[in-house]
Every structure is written in structure tokens, then in C-alpha cells.
Amino acid sequence: MTVAVAPEVRAAQRRIVSTINASGRLNADGLALWREVNCGEWKATAADISRDLDLLQVPHTIVTAFRFPLATSYSKSMREGEEVRILRKDLAHLVPWMPSMEQTVADISEDAPHWDFTVFQPRADGMVIAKLALSAEWPAWSKKQARAARLVCAECDYDLRDKDETRASFDVRLPELPKRRRLVCGQCCNDGVDEMERLAALAGKPS
């Protein structure tokens with residue numbers, strides 16, 4: 001027996017399926033849809049997408065996420081946006097509205113990338129693990145785009161997105177620019193040890 005669906009729910013279904021097909025990013029963690037801040041004049045905002053998912057009863061969250069600056073932009077700062085994220089375990093709630101999603105999720109490879117980009121931050125009292133707030137599509141950015149987002153080693157230009165345990169990402173900042181993120185690979189910074197010792201000496205603490 002066919003169950004009647006309210007017109008507003010059916011309309012939400014059409015919008016969500018169209019939006020996912022146009023800009024959805026699926027990985028090991030789930031599905032993500034990024035929207036630049038104040039994009040409402042041109043496309044559905046994260047809040048608009050969220051309302052449609054609420055109508056379809058699909059659990060989700062909205063997080064702050066950044067993309068690389070555009071090459072034509074005067075400002076070279078990262079572009080702030082909001083990303084609607086649906087956890088992989090919750091995608092089953094989306095399947096009744098988008099049946100093709102079931103096979104797509106099943107085809108995700110075991111070594112697929114995740115949402116988080118992890119970096120190590122040397123501190124005077126030890127090493128801290130941090131996660132950059134990047135849009136879920138960061139693994140697919142070109143080398144040029146990754147460079148604009150400062151995801152390559154500032155010393156040797158090694159692409160820090162590559163999975164090499166000997167060249168992990170460390171946030172080693174210049175003394176004259178202590179608030180500006182500066183990523184380098186482990187081989188170029190002695191795995192952050194030299195920076196920890198420098199900071200410990202400044203703080204008067206034993207390294």
C-alpha cells in the first residue's frame with residue numbers, strides 16, 4: 001500500500017536529492033554539504049538544507065568549515081562556510097527518500113578519507129593534537145588549492161594530505177607571526193621536537 005506523503009515533504013525530498021547530486025560529498029564518516037556564509041541569494045543555505053532534512057526526519061548537524069580562497073579573490077584568507085553533515089550511520093534515514101544512496105554508501109572503500117584533517121601543535125608542555133575545520137572535500141582539492149589553504153609543507157612544499165607517517169603535519173609558527181598557522185612536515189621540523197624545546201626554553205620549563 002502506498003503511503004501518502006504531504007506536499008511539503010515531497011518538495012523537501014526533491015530539493016534534497018537535487019542538492020546532494022549537485023554538491024554532496026560522501027566519505028568514510030558520512031555525507032556533507034558545504035555552503036559559504038551569506039550564500040542565500042544564490043543557493044539554499046545550510047539552514048534551508050537543515051529544514052528540509054528535518055521534514056524528512058534525517059538526523060544531521062551543522063558545523064563551521066572553511067574552503068581555500070578563490071584565486072580571483074583579493075583576500076587570501078580561507079572562506080568561511082557552514083557544512084551540513086549526516087553521519088554514515090544515519091544515512092539509512094535518507095535512503096527511503098533517495099534509494100540510490102544505499103548502494104553508494106555500500107561502495108565506500110575502507111581507506112576512504114574522513115572529515116577531519118589532523119595536525120600536531122608543539123607546545124612548551126608537550127604536543128597537542130588539533131583538527132582543522134575544513135570542508136569535507138579537502139582530500140579532493142588540487143595541489144594549487146591545497147597550497148592556497150596552506151595544506152602543504154611551508155619548507156619543502158610536500159603535500160601534507162598524503163598518508164605518510166614519517167611526514168605528519170605539524171603547526172610550527174614563525175616567532176614573528178605566532179597567531180598564523182604554518183604547517184610543515186615531520187621531516188622538516190624534526191617531528192616538532194625542536195619547536196617544543198624552543199617554546200619550553202622561552203617559558204622557562206624543562207623540555
Side-chain angles (χ1 to χ4, degrees), residues 25-30 32-38 46 61-85 87-88 109-207:
R25 176 63 62 175
L26 191 67
N27 64 21
D29 289 327
L33 298 149
W34 187 83
R35 286 293 183 267
E36 193 159 6
V37 170
N38 300 321
T61 57
I62 298 178
V63 302
T64 298
F66 293 82
R67 291 189 72 196
F68 56 85
L70 295 175
T72 56
S73 174
Y74 176 78
S75 171
K76 297 307 176 184
S77 60
M78 295 285 282
R79 288 182 289 153
E80 182 178 356
E82 292 180 316
E83 194 158 76
V84 181
R85 292 181 174 180
L87 291 173
R88 186 171 177 176
S109 63
E110 293 183 2
D111 61 346
H114 295 264
W115 285 329
D116 294 327
F117 186 92
T118 302
V119 302
F120 297 93
Q121 294 180 328
R123 303 280 179 84
D125 54 355
M127 194 72 71
V128 174
I129 298 176
K131 299 184 186 300
L132 301 187
L134 301 177
S135 67
E137 63 177 8
W138 63 263
W141 291 346
S142 68
K143 180 70 175 289
K144 184 177 180 180
Q145 291 166 339
R147 189 179 292 112
R150 300 193 294 279
L151 298 184
V152 299
C153 178
E155 296 288 344
C156 70
D157 205 44
Y158 171 76
D159 193 331
L160 296 167
R161 296 172 300 168
D162 292 343
K163 297 179 180 179
D164 186 338
E165 294 181 358
T166 68
R167 305 186 76 163
S169 308
F170 292 84
D171 187 1
V172 180
R173 307 187 180 194
L174 297 174
E176 62 271 24
L177 295 171
K179 295 184 179 181
R180 182 182 175 85
R181 190 185 77 222
R182 179 176 176 271
L183 301 187
V184 296
C185 71
Q187 290 188 14
C188 287
C189 70
N190 189 24
D191 289 332
V193 174
D194 295 342
E195 180 65 4
M196 277 195 300
E197 293 178 346
R198 183 186 75 83
L199 294 172
L202 287 175
K205 297 180 180 181
S207 59

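FYI, the numbering just counts along the sequence from 1. Quantities reported herein were computed from a predicted structural model and do not represent experimental measurements.
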Practice task
Search all heavy atoms of Cys156 against all heavy atoms of Arg167 and return the closest pair with its distance.
Solution key: SG-NH2, 3.2 Å
Problem - Contacts of type salt bridge (charged side-chain N to carboxylate O under 4.0 Å, His left out), residue Asp29, not counting sequence neighbours - result: none
Handout entry: More than 12 heavy atoms from other groups under 6.0 Å of CG on Leu174
Key = yes
Problem - Closest non-hydrogen atom pair, Pro69 against Ala149 - result: CD-N, 4.5 Å
Problem - side-chain hydrogen bond (donor to acceptor under 3.5 Å, both in side chains) involving Glu155 - partner list, sequence neighbours excluded - result: Arg182
Exercise for the section: Under the side-chain contact (heavy atoms from CB on, under 4.5 Å) rule, collect the residues that match up with Leu87, sequence neighbours excluded. Expected result: Lys89, Asp90, Trp115
Practice task
With sequence neighbours left out, write down each residue that passes salt bridge (charged side-chain N to carboxylate O under 4.0 Å, His left out) with Arg150, or none if nothing qualifies.
Solution key: none
Problem - Point-to-point distance, once rounded to the nearest 0.5 Å, from CG of Asn27 to CG of Asp116 - result: 9.5 Å
Problem - ring pair (Phe, Tyr, Trp, His ring centres under 6.0 Å) partners of Tyr158, counting only residues at least two apart - result: none
Fill in the blank from the handout: Nearest heavy-atom contact between Leu183 and Leu151 is CD1-CD2, 4.2 Å
Problem - Side-chain H-bond candidate by donor/acceptor type, Thr166 with Asp164, under 3.5 Å - result: yes
Exercise for the section: List in chain and number order the residues that pass ring pair (Phe, Tyr, Trp, His ring centres under 6.0 Å) with Trp141, two or more places apart in sequence or in another chain; answer none if no residue qualifies. Expected result: Phe68
Exercise for the section: Any pair with a residue in residues 169-198 that passes ring-ring contact (aromatic ring centres under 6.0 Å, His included), sequence neighbours left out, goes on the list, sorted by first then second residue, please. Expected result: Phe120-Phe170
Practice task
Please name the pair of heavy atoms, one in Gly126 and one in Met196, separated by the smallest distance, quoted to 0.1 Å.
Solution key: C-SD, 3.5 Å
Exercise for the section: Please name all residues satisfying side-chain hydrogen bond (donor to acceptor under 3.5 Å, both in side chains) with Arg67, sequence neighbours left out, ordered by chain then number. Expected result: Glu137
Practice task
Inspect the surroundings of CD in Glu176 and state if more than 12 heavy atoms from other residues, nucleotides or ligands are less than 6.0 Å away.
Solution key: yes
Exercise for the section: Give a yes-or-no answer on whether the side chains of Gln121 and Arg123 include a donor-acceptor pair shorter than 3.5 Å. Expected result: yes
Practice task
Using a 4.5 Å cut-off on heavy atoms from C-beta on, say whether the side chain of Arg85 contacts that of Ile62.
Solution key: no
Problem - Under 3.5 Å donor-acceptor, Asp194 side chain and Glu197 backbone - result: no
Practice task
Can you sort out the partners of Lys143 under salt bridge (charged side-chain N to carboxylate O under 4.0 Å, His left out), two or more places apart, ordered by chain and number?
Solution key: Asp157
Exercise for the section: Answer yes or no: is there an ion pair linking Glu82 with Arg35, defined by an N-O contact shorter than 4.0 Å? Expected result: no
Handout entry: Distance-minimising heavy-atom pair for Thr118 and Ser169
Key = O-CB, 4.0 Å
Handout entry: Residue list, salt bridge (charged side-chain N to carboxylate O under 4.0 Å, His left out) with Arg198, at least two apart or on another chain
Key = Glu195
Handout entry: Spatial distance of atom CG (Leu160) from atom CZ (Arg147) [nearest 0.5 Å]
Key = 11.5 Å
Exercise for the section: Mind checking the CD-CG spacing from Glu83 to Leu33? Nearest 0.5 Å is all I need. Expected result: 7.5 Å
Exercise for the section: Quick one: list whatever passes side-chain hydrogen bond (donor to acceptor under 3.5 Å, both in side chains) with Asp111, sequence neighbours left out. Expected result: Ser109
Problem - Non-neighbouring partners of Asp159 that pass side-chain hydrogen bond (donor to acceptor under 3.5 Å, both in side chains), sequence neighbours left out - result: Arg161
Practice task
Output the distance between atom CH2 (Trp34) and atom CZ (Phe66), rounded to the nearest 0.5 Å.
Solution key: 9.5 Å
Practice task
Looking only at non-hydrogen atoms, find the nearest pair between Cys153 and Cys188 and report the distance.
Solution key: SG-SG, 3.8 Å
